[in-house]
Amino acid sequence: MESPSAPAHRGLLPWQGLLLAASLLTLWSLPTTAQLTIESVPPDAAEGKDVLLRVHNLPGDLGSYNWYKGETGNNNKIVTYVIDTQTTIPGPANSGRETIYHNGSLLFQHVTLNDTGYYILHAIDKNFQSEQVTGQLRVHPVLPKPSITSNNSNPEEHKDPVVLTCEPQIQDTTYLWLINSQSLPASARLQLSMDNRTLTLLAVTRNDTGSYECETRNPVSAARSDPFTLNVLYGPDTPNISPSYSHYLRGKNLSLTCHAASNPPAQYSWFINGRPQQPTQELFIPNITAHDSGFYTCLAQNSVTGLKGTTVKTITVHESPAHRQDEAVPGQQHPHHRPCQEGGRWGLSV
């Protein structure tokens with residue numbers, strides 16, 4: 001007795017037998033001049049909008065349509081439409097938001113994210129032979145306005161890393177970052193997470209101070225956060241004392257200003273020959289004499305970073321009663337005076 005699995009046609013080669021078996025298992029397809037297709041209009045839908053699954057190239061002599069979500073089966077049936085009687089029969093998967101048309105197209109009103117997926121149209125002709133085609137519905141949320149969170153909004157220069165995160169986390173969303181309204185510069189100190197949602201600044205510098213924004217995008221919407229200001233604490237740098245010249249005539253006023261780059265701004269103190277003065281950024285001494293000659297030290301301090309910086313300037317007051325209105329200012333020389341240098345110091349000689 002023959003085995004039930006033996007080929008019915010022993011003269012066929014093995015691959016010919018497989019083709020024959022496959023053809024016997026394939027559902028009969030209705031003859032069409034063009035392939036039956038489903039088009040989503042629009043291709044990407046915003047949550048809450050309407051979407052049409054439009055059917056193209058329907059074959060003739062049809063009796064009814066069935067629409068299914070995901071896969072065929074009674075529990076997944078959305079609707080049945082009987083063409084001759086124009087009867088619509090809702091199925092178990094019907095949400096009440098679907099409308100089927102005479103041409104087989106299916107309208108979804110006020111789509112939700114749960115509507116995303118594959119949909120199957122099963123077309124049956126009057127001889128109860130069928131053809132089916134699958135279409136896809138893609139629904140995306142309308143993105144909310146994002147916001148930026150930080151592990152440290154006031155980091156110290158060359159000390160603290162900063163992690164900026166764009167909130168909220170939304171699936172299938174593209175994240176972009178802007179600094180001072182410009183795209184991120186190429187830098188080894190800037191690192192992005194795999195999804196670009198997190199921006200890490202390694203060992204920040206004062207140049208990282210600025211306005212940071214994150215932008216979210218998907219196929220149906222885009223949104224940008226409010227600016228987040230990163231305030232990098234630094235300094236003080238070595239103070240600078242102005243003006244630069246250091247030789248004065250007796251009776252003139254001495255005004256020295258100290259400045260050091262610092263955030264927050266530095267506090268300033270002065271010392272004359274080691275003696276502390278009143279804390280001030282500008283030191284003013286009227287009607288100076290030879291006793292005001294000496295070493296002038298500016299001390300700049302940043303109370304937040306705890307750093308300090310000092311600069312010392314030597315001031316020399318010259319006794320010259322006949323010319324007490326003159327100053328030894330670089331680029332300015334009295335016609336009766338000529339500069340001379342004694343022991344490494346510049347003075348005035350008559």
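The figures that follow rest on heavy atoms only: side chains count, while hydrogens, waters and symmetry mates do not. None of the values given here were measured: they were computed from a predicted structure.
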Margin query: Other members of the hydrophobic cluster containing L143, with the 4.5 Å side-chain heavy-atom rule, please.
Written below: I170, Y175

Margin query: Looking at every non-hydrogen atom in both residues, tell me the closest pair between E71 and I120 and how far apart they are.
Written below: CA-CD1, 3.6 Å

Item checked: T174 and N196, any side-chain heavy atoms less than 4.5 Å apart -> no

Next item on the list: Start with the C-alpha gap between T112 and N114, add the side-chain angles, then the distance that decides, and say whether side chain to side chain donor-acceptor pair (under 3.5 Å) holds.
Entry: CA-CA 5 Å; T112 69; N114 289 333; 4.7 Å; no

Next item on the list: Return the minimal non-hydrogen interatomic distance between V163 and N151, and the atom names on each side.
Entry: N-OD1, 2.7 Å

Item checked: Closest non-hydrogen atom pair between A222 and R217, with its separation -> CB-CG, 3.9 Å

Next item on the list: Report the residues that fulfil salt bridge (Lys or Arg N to Asp or Glu O under 4.0 Å) with E47, sequence neighbours left out, ordered by chain and then residue number.
Entry: none

Checklist line | ILVMFWY clustering at 4.5 Å (side-chain atoms), partners of L192 | finding: I148, V162, L164, W177, I179, L184, L190, L199, L201, V204, Y212, F228, L230, V232

Next item on the list: Applying side chain to side chain contact (heavy atoms under 4.5 Å, CB included), name anything that partners L178, two or more places apart in sequence or on another chain.
Entry: E213, R224

Checklist line | F128 atom CZ: more than 12 heavy-atom contacts under 6.0 Å | finding: no

Checklist line | Inter- and intrachain pairs under disulfide bond (SG atoms under 2.5 Å apart), touching residues 42-98, at least two apart | finding: none

Note to self: Which heavy atom of P243 sits nearest to which heavy atom of L256, and what is that distance?
What the structure shows: CD-CD2, 4.2 Å

Item checked: Heavy-atom check, side chain of Q169 versus side chain of D195, under 4.5 Å -> yes

Next item on the list: Might you point out which heavy atoms bring A223 and P146 nearest each other, and give the distance in Å?
Entry: CB-CD, 3.6 Å

Margin query: Who clusters with V304? Use side-chain heavy atoms, under 4.5 angstrom, across I, L, V, M, F, W and Y, and order the result by chain and number.
Written below: L233

Margin query: A side-chain contact here means heavy atoms from C-beta on lying under 4.5 Å apart; do E282 and S255 qualify?
Written below: yes

Checklist line | salt bridge (Lys or Arg N to Asp or Glu O under 4.0 Å) involving R189 - partner list, sequence neighbours excluded | finding: D208

Margin query: Under 4.0 Å between a side-chain nitrogen and a carboxylate oxygen: does that hold for R250 and D292?
Written below: no

Check: Is there a side-chain contact between S153 and N231, using heavy atoms and a 4.5 Å cut-off?
Finding: no

Checklist line | Pairwise side-chain contact, P279 with Y268, heavy-atom cut-off 4.5 Å (strictly under) | finding: no

Next item on the list: Would you mind telling me which of I124, T88, I83 makes a side chain to side chain contact (heavy atoms under 4.5 Å, CB included) with Y65?
Entry: I83

Checklist line | Residue pairs involving residues 155-239 (criterion disulfide bond (SG atoms under 2.5 Å apart); sequence neighbours excluded) | finding: C166-C214

Next item on the list: If a pair satisfies disulfide bond (SG atoms under 2.5 Å apart) and one of its residues is in residues 72-132, list it, with sequence neighbours excluded.
Entry: none

Check: ring pair (Phe, Tyr, Trp, His ring centres under 6.0 Å) with Y296: which residues, sequence neighbours excluded?
Finding: none

Margin query: Quick check: do S246 and K313 have side-chain heavy atoms less than 4.5 Å from each other?
Written below: yes

Next item on the list: Taking only Lys NZ, Arg NE, NH1 and NH2, and the carboxylate oxygens of Asp or Glu, determine whether R206 and D237 approach each other closer than 4.0 Å.
Entry: yes

Check: Can you name the residues that form a salt bridge (Lys or Arg N to Asp or Glu O under 4.0 Å) with E98, not counting sequence neighbours?
Finding: none

Next item on the list: Determine which pairs satisfy salt bridge (Lys or Arg N to Asp or Glu O under 4.0 Å) with at least one residue from residues 257-273, sequence neighbours left out, and list them in order.
Entry: none

Note to self: Show the nearest heavy-atom pair for residues D125 and D61, with the distance to one decimal.
What the structure shows: CB-O, 3.3 Å

Check: Hey, what do you get for SG (C298) to CH2 (W270), rounding to the nearest 0.5 Å?
Finding: 5.0 Å

Check: Any side-chain heavy atom of L202 within less than 4.5 Å of one from T200?
Finding: yes

Next item on the list: Side-chain contact test, heavy atoms from C-beta onward, threshold under 4.5 Å: evaluate it for H102 versus Y81 and give yes or no.
Entry: yes

